[in-house]
Structures are given as C-alpha cells and as structure tokens.
Protein chains: 2
Amino acid sequence: MIIDKSSPIPQYFQLQTWLMEQIDQGVFRPDDQVPTEKELGQLTGLARATIRQAVGNLVNIGYLVRHRRLGTYVLDRKKENGKRTIIGILIPDIRTGYAPELARGAEDEAARQSHSLILCNTDDSYIMADRHADRLIEAQVSGIIFIPTANPVERNRLFIEKFTKRDIPVVLADRTIPDMAVDHVTTDNFQGALDLTSYLIKMGHRRIAIILNSALSTERERLEGYQAALAQHDIPVDPEIVIAEAGPFSKEHYQEYISSLLERRDRYTAIFAGHDRIAQLIYSAAQELGLDIPGDISLVGYDDLPFTTFSLTTMLQPIYELGRESLKLILSRIRGENGEPRRIVLKSNLVERSSVKALN
Amino acid sequence: MIIDKSSPIPQYFQLQTWLMEQIDQGVFRPDDQVPTEKELGQLTGLARATIRQAVGNLVNIGYLVRHRRLGTYVLDRKKENGKRTIIGILIPDIRTGYAPELARGAEDEAARQSHSLILCNTDDSYIMADRHADRLIEAQVSGIIFIPTANPVERNRLFIEKFTKRDIPVVLADRTIPDMAVDHVTTDNFQGALDLTSYLIKMGHRRIAIILNSALSTERERLEGYQAALAQHDIPVDPEIVIAEAGPFSKEHYQEYISSLLERRDRYTAIFAGHDRIAQLIYSAAQELGLDIPGDISLVGYDDLPFTTFSLTTMLQPIYELGRESLKLILSRIRGENGEPRRIVLKSNLVERSSVKALN
DNA sequence: ATTGTCTATTTGTCTATACAATAATACTGC
DNA sequence: GCAGTATTATTGTATAGACAAATAGACAAT
C-alpha cells in the first residue's frame with residue numbers, strides 16, 4: 001500500500017514522498033504524465049483535497065507541473081535548471097598569480113552563456129574552503145570550479161564530497177587530486193617541464209637546480225618532467241639542489257629556501273623555478289647579492305605571468321583558456337551530461353626571453 | 001469589502017492580494033500577528049479552506065509564518081533576507097589595476113558575514129554592464145557594488161536605475177556619478193592629488209605635466225587637486241602639458257598621448273600620471289627613448305599597485321579597505337537602513353620612492 | 001520551586017462535495 | 001473539407017465540517 005493510515009506521518013506527506021521516489025527512481029520519467037487526481041484517489045483511497053495538497057507541494061518545489069484538463073506532468077529538472085545558474089569558483093587568492101586570468105576566462109564564458117560566478121578566495125587553506133562550501137550550498141550553486149588547496153589530499157577530498165553528495169558537480173582546475181574520479185582541466189605540466197628542462201640542457205646546462213611546492217599536483221608533475229628530461233640526457237639528479245617541500249608557503253618560507261639555494265650556487269648553473277612568482281623572488285634575491293641573471297645564474301619560470309620586472313624565459317600556460325574550459329565542462333555536467341570523469345589537458349608553450357645564458 | 005464575490009478573480013487570490021497590501025502598507029507590520037483564520041473567516045465570509053489557501057501561498061513566498069496555536073505572523077523580510085544574500089560586484093576587469101585588491105577586500109568581508117559575491121567584468125563598457133544587469137536581477141542579488149564605466153554619465157545612470165527601480169540598493173565604489181543620489185565609497189582624490197602635486201613643487205618642480213582619463217570622476221578630481229596645488233603656489237597651468245581626454249582607453253591610445261607628451265619634454269620637469277598603469281607606460285616609453293627616470297624626468301603615479309618594475313613615488317589608495325567598506329555599506333542597505341545617501345571617503349598616503357629628483 | 005495536568009486556542013490534516021474553466025476530441029451541418 | 005458545436009476529462013476554485021497536534025497559560029501536586 002502507498003498510504004499507511006495508522007502512521008503518524010501525514011498522509012499527504014506520505015503520498016508526496018511516494019511520488020518523489022517514483023520520479024527519482026524513474027518510474028515516472030521527465031515529461032511523463034503522473035496519474036490524475038482521480039486515479040491517485042483510487043490508488044490511495046485519499047480525498048481529492050489531500051491529493052491536491054501533496055501534488056501542490058511538489059509543484060511548488062518544482063517536481064511537477066499541472067495543466068488544466070491535460071493532467072499533471074513530471075518536470076524535466078535538468079532542462080529547467082540548466083537555463084541560468086550560479087557556479088562557485090574557489091581559487092587561492094584573486095590578487096595573485098594566475099588567479100585573475102583564470103577567473104576572467106571563467107567569467108567571460110559564464111556571462112556569454114548567461115550564468116553567474118560566485119568568487120571565493122581560499123588562501124590555499126581547507127579551513128577557508130570549507131567555510132565557503134556551506135555558503136555556496138545555501139546559495140544553491142549548481143556547480144563548483146575548484147583549485148585544490150595546498151593541504152593534504154584527504155582534506156580536499158572531503159571538501160569535494162560535500163558537493164558531490166548533494167549532486168552538485170565539481171570540476172578541478174589546474175591542480176588535481178590523485179585517485180579521485182573528478183573532472184579535471186589542466187595543462188600538461190609533465191611535458192611542459194620536460195620541454196623546459198630539455199631547453200636548459202640544450203643551452204648547455206647540466207647542473208640544474210629546481211625549487212617548487214610539492215603540495216601541489218602541478219608542481220609535482222613538473223618535478224617528474226624535470227627528472228625525465230635529466231634521465232633522457234643521462235644526467236644524475238643531485239638531491240642537494242632539488243628543493244621540493246610540501247605545504248602552503250608564505251613569501252618568507254620561499255625566501256629562506258631561495259637563500260639557502262643561492263648559497264650552494266657552485267653546484268648548478270641554472271635554476272628551474274616551480275612557478276613565475278618563485279622566479280621573481282629568486283631574481284630579487286640574486287640582485288641583492290649582486291648576482292646577474294643570466295650572467296651568473298640562468299633562470300626559468302613557469303606560468304608566464306604578466307610581469308614587467310625582468311625578461312624571464314618561462315612556460316606559457318593558457319590560463320584564460322583553462323578558466324573557460326573549466327566553465328564549459330562544469331556547465332555540461334550541470335546540463336546533465338553524465339559519464340566517466342573527463343580530463344582536459346591544454347598545451348603550454350615555451351616563451352624564450354633572456355634569462356638563460358647559452359653555455360656552449 | 002475585502003472580497004468581491006462577483007469578480008472573476010479567485011477569492012483566495014483577492015484575500016492574498018489584500019493581505020500583501022496590508023503588509024506592504026504597514027498596516028500589519030513585521031512580527032505582528034495577522035488575524036487568525038477564524039477572524040479572517042468572519043472578516044471575509046470565506047470558508048476556512050479558502051483562507052488557508054491564501055495564507056498558505058503567502059507563507060510559501062515568505063510573507064508570513066504560521067505557528068501552531070500561536071497564530072500567523074508577518075515575516076520580517078529585511079531581517080530574513082539580510083541573513084545570507086548574494087551581492088553583485090561590477091568592476092572593469094579582474095585582471096588589471098586595483099580590481100583584484102578591491103574584489104578581495106569585498107569578498108573577505110562578504111565571506112566574514114556569510115554573504116556571497118557574484119563577479120562581473122564590464123571592461124568599462126556600459127553594454128557589457130547592461131548584459132550583466134539582467135543576469136544579476138534574475139539571480140536575485142540583494143545589492144550591487146558598481147564601479148561606473150568610462151561611459152557618459154547618462155549610461156551609468158540608466159544602469160543604476162535598473163536596480164533602484166527594483167529596490168535593489170547600489171553602492172558606487174571608487175568612481176562616482178555627478179548629481180546622483182547614490183551611496184559612494186571613495187578616496188579623497190582631490191586632496192591626494194593636491195598633496196602629490198605639492199610634493200613635486202616642494203621638490204623644486206614648477207612645470208608639471210599631467211596625463212589622465214577625464215571620463216573617470218576620480219581622475220577629474222585629481223586634475224582639480226593638481227590645479228589647486230599649482231594655484232596655491234601661483235604657478236599658471238600650461239594647457240600644452242595637460243592631457244585630460246575622455247573615453248575608455250586602450251593601451252595604444254595612452255601610448256600615443258605619452259609619446260606626444262614626451263616630444264614636448266622641454267616644457268616640464270615632472271609628469272603626474274593619472275594612475276600607476278599610465279606611469280608604468282611612461283616609464284617604458286622613456287626607457288625606449290633612452291631617458292632616465294628620475295634623472296631626465298621625474299614621475300609620480302597614483303594607486304600604489306604592487307609592481308616591481310621600478311621604484312615609483314605614488315599615492316597609496318587603501319583599495320582593499322575600499323572594497324570592504326563598499327561591502328559593509330551595501331549590507332547595511334540590504335538590512336533595511338534607509339536615509340540619505342552616504343559618502344565614505346578614505347584617506348590616501350603619499351609613498352615616497354625614487355622616481356622624483358629634487359631640483360633644489 | 002519544580003513538575004505535572006488541564007484547558008482553550010490556533011494551526012495542521014483530512015473528508016466529502018460542488019461547480020467553473022480549459023482544452024482535446026468527436027461530432028454536426030454546410 | 002471545414003467551421004462551428006457539443007462532449008468530456010482534468011485541474012481550479014470554493015464550501016462545510018471534523019478531528020489532531022501543539023502550546024501558552026492557569027492551576028494543582030509534589
């Protein structure tokens with residue numbers, strides 16, 4: 001029986017729940033007609049007013065539509081809520097690095113398709129990300145673009161599950177989380193780092209230092225690319241000049257690593273900076289020590305941020321495109337496309353400027 | 001009579017409308033009890049089910065709350081929707097100038113108070129602003145932080161009215177619109193420019209060029225400050241070295257003005273750049289011509305953006321605070337504070353670096 | 001002073017019934 | 001064939017009445 005008359009649960013509510021289950025389980029499918037009020041009356045033995053109360057509530061929350069004389073139909077929610085939605089985007093800090101470019105790419109595409117973007121800064125901390133999460137859920141976002149924080153994998157996983165549990169799709173931008181079935185848009189960091197390191201080797205450098213943040217999947221991949229390039233040229237890795245520490249770093253942390261690295265500068269001729277902002281810090285630190293780049297040390301970065309401080313050879317990442325693609329992907333999920341998690345990898349390009357000296 | 005039985009308008013709907021009017025007109029005020037269903041029955045002569053239908057609808061759309069045994073009460077909508085809202089922020093471009101800093105200030109304060117921010121880029125064009133407007137209204141934003149576009153006043157006015165017509169409060173950030181009664185958060189551009197110009201004069205400069213975008217209220221005020229400073233020292237304004245054109249400019253536009261200004265460099269010893277990004281372009285152009293700053297030309301900017309290119313003496317604007325204050329102000333309006341439009345003016349500070357040569 | 005019980009009131013749930021409005025469909029007359 | 005008409009199923013609006021559940025407040029018991 002559909003209705004348990006002896007239950008303390010109101011009968012209209014029992015009917016309402018039953019109808020929702022049928023819809024969710026696909027017994028009544030989108031655009032199908034549900035039984036008429038009369039038929040529901042026969043099915044359940046309830047009065048028409050009670051049935052109207054149950055159905056009315058479902059109309060209110062957007063499960064059903066009623067048409068006079070034609071009957072009551074299941075609303076195609078996918079179709080409805082794909083129209084104009086709000087999407088949350090969580091980035092470390094809108095003021096730094098590639099965040100502005102990424103946000104702009106995402107926002108342009110969102111605006112083009114009449115969707116809106118809620119901006120959240122995480123400062124690379126899961127605590128802040130978590131605070132944003134509850135707010136975003138309340139604001140009824142339909143999807144999330146997330147740049148994982150520089151915290152242990154487990155923290156990021158829990159954050160994402162908050163959304164997936166509620167059927168809110170999540171796309172990871174740039175950074176990924178290992179062994180997690182989530183959509184992901186990134187650039188080919190391995191290949192990029194391999195190319196960049198190979199370029200240094202081609203320029204005659206064999207002892208190449210590297211400094212990066214191993215809490216970030218992107219930079220771990222760059223480390224692998226660096227190692228692969230060295231291996232290809234039978235150059236052993238010198239662990240003394242590989243600085244790959246995990247953690248969300250402040251400028252001061254980096255500066256310490258950099259100055260210790262600069263003290264060992266007899267061990268290398270070039271530095272591979274994990275991203276352009278590190279390269280910038282290295283440049284400043286070198287200047288203070290009276291060192292010339294590329295005269296004394298060659299330097300490459302990664303990102304191609306729009307600085308004007310000095311002429312850095314670096315790997316250009318298509319960040320604007322990365323933002324756009326992330327948004328397109330999340331929208332396709334919001335529109336109901338389901339299937340295997342997708343991984344979109346964009347190409348990077350070496351930008352040769354004048355921070356590398358040819359040794360040969 | 002409240003109900004017209006002969007009207008084709010359903011009676012529950014008449015009652016519903018009547019109740020809404022009473023609430024909107026303040027007959028029933030927030031947290032007041034409305035008549036009980038029984039009393040409404042006596043007042044209208046309708047059956048209780050009909051009354052319940054009317055009241056039920058108002059409960060659904062958030063006008064009323066029912067409490068068993070206690071009666072039905074008017075919801076304090078101000079209090080309710082002040083809880084967690086969405087606020088739109090329209091800035092020229094999240095990638096450039098002070099936009100990231102301003103957005104971060106606003107977002108931090110929003111997050112702190114559990115509100116969310118929808119980011120919109122206008123590219124300083126009213127056409128884009130307008131497209132965002134419709135979207136924001138559909139997304140049911142409760143307030144707008146708007147940096148007016150570099151378009152004629154009338155365009156910005158129309159944009160703002162789209163919101164005010166719908167009782168959505170608007171706060172102008174940084175730039176203002178003349179003769180318009182809107183809340184406004186800004187820095188004291190007149191005083192800042194006056195101080196900055198006075199500083200140049202104190203350093204021995206008497207012939208000071210200025211280049212700025214007169215489509216922006218902020219830069220117009222800076223021009224006035226500049227003129228006031230010259231007047232205070234009985235220095236006549238040389239119109240040949242005052243470049244104050246109106247319009248949204250591209251980098252190329254500025255570069256043209258700059259090169260024509262640099263051709264006339266016998267007429268001045270210092271340049272006041274309308275904002276730091278112009279100063280940056282002047283610096284680059286000067287370098288290309290082999291000119292030294294401050295050796296050949298002294299230069300000051302306005303904003304104190306975080307560049308690292310060169311050491312620019314400039315006027316620090318508290319942009320992060322400006323974002324925060326804008327958000328606080330809009331929230332107070334959303335919470336229902338009404339009264340005269342407010343104007344919050346933040347102090348700027350001269351940051352003395354090394355782009356100005358002392359001539360005395 | 002606290003706890004339990006009762007009462008009155010108000011909203012919550014439910015039944016049974018009636019007629020109105022709407023629109024798809026079948027039918028009728030030309 | 002086609003325009004107009006009648007039929008009919010379905011939701012929309014409305015009434016009258018009943019009992020259930022919750023709770024403020026009064027009162028009683030401990």
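Excluded from the calculations below are hydrogen atoms, water molecules and symmetry mates; all remaining heavy atoms, backbone and side chain alike, are included. On a predicted model such as this, the values are computed, not experimentally measured, just so you know. Residue numbers begin at 1 in each chain, while the letters A, B, ... track the order of the sequences.
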Are the aromatic ring centres of A:F159 and A:Y126 under 6.0 angstrom apart?
no

Would you kindly say whether B:Y12 and B:N57 are connected by a side-chain donor-acceptor distance under 3.5 Å?
no

Do we see a donor-acceptor contact under 3.5 Å between the side chains of B:T149 and B:N156?
yes

Under 3.5 Å, is there an N or O donor on one side and an acceptor on the other linking the side chain of A:R69 and the base of C:dA24?
yes

Measure [atom1]/[X] against [atom2]/[N] and give the value in whole Å, please.
| X | N | atom1 | atom2 | answer |
| --- | --- | --- | --- | --- |
| A:Q53 | C:dG12 | CD | C1' | 8 Å |
| A:I3 | C:dT15 | CD1 | C1' | 14 Å |
| B:R52 | D:dG17 | CZ | P | 18 Å |
| B:R66 | C:dG12 | CZ | P | 4 Å |
| A:Q33 | D:dA9 | CD | C1' | 10 Å |
| B:I9 | C:dA20 | CD1 | C1' | 16 Å |
| B:Y73 | C:dT11 | OH | P | 9 Å |
| A:F13 | D:dA21 | CZ | C1' | 16 Å |

Within 6.0 Å of CD in B:E161, more than 12 heavy atoms from elsewhere:
yes

Atom CZ of A:R66 with >12 non-hydrogen neighbours under 6.0 angstrom
yes

At their closest point, which heavy atom of B:L119 faces which heavy atom of A:A103, and how far apart are they?
CD2-CB, 4.4 Å

[N] phosphate, OP1 or OP2: any side-chain N/O from [X] under 4.0 angstrom?
| X | N | answer |
| --- | --- | --- |
| A:Q11 | C:dT13 | no |
| A:T50 | C:dT15 | yes |
| B:K5 | D:dT13 | no |

For DNA chain D, determine which residues of residues 35-47 of chain B have any heavy atom closer than 4.0 angstrom to one of its atoms, and list them numerically.
B:L46, B:A47

Against the side chain of A:R68, the closest entry in D:dT15, C:dT13, C:dA21 is C:dA21

Give the ring-plane orientation class for A:Y73 versus A:H67, where under 30° counts as parallel, over 60° as perpendicular and anything between as tilted.
tilted

Comparing B:T72 and A:R48 on DNA chain C - which has the more 5′ nearest nucleotide
B:T72

Nearest-nucleotide wise, let me know which of A:A49 and A:L70 is further upstream toward the 5' end of DNA chain D.
A:L70

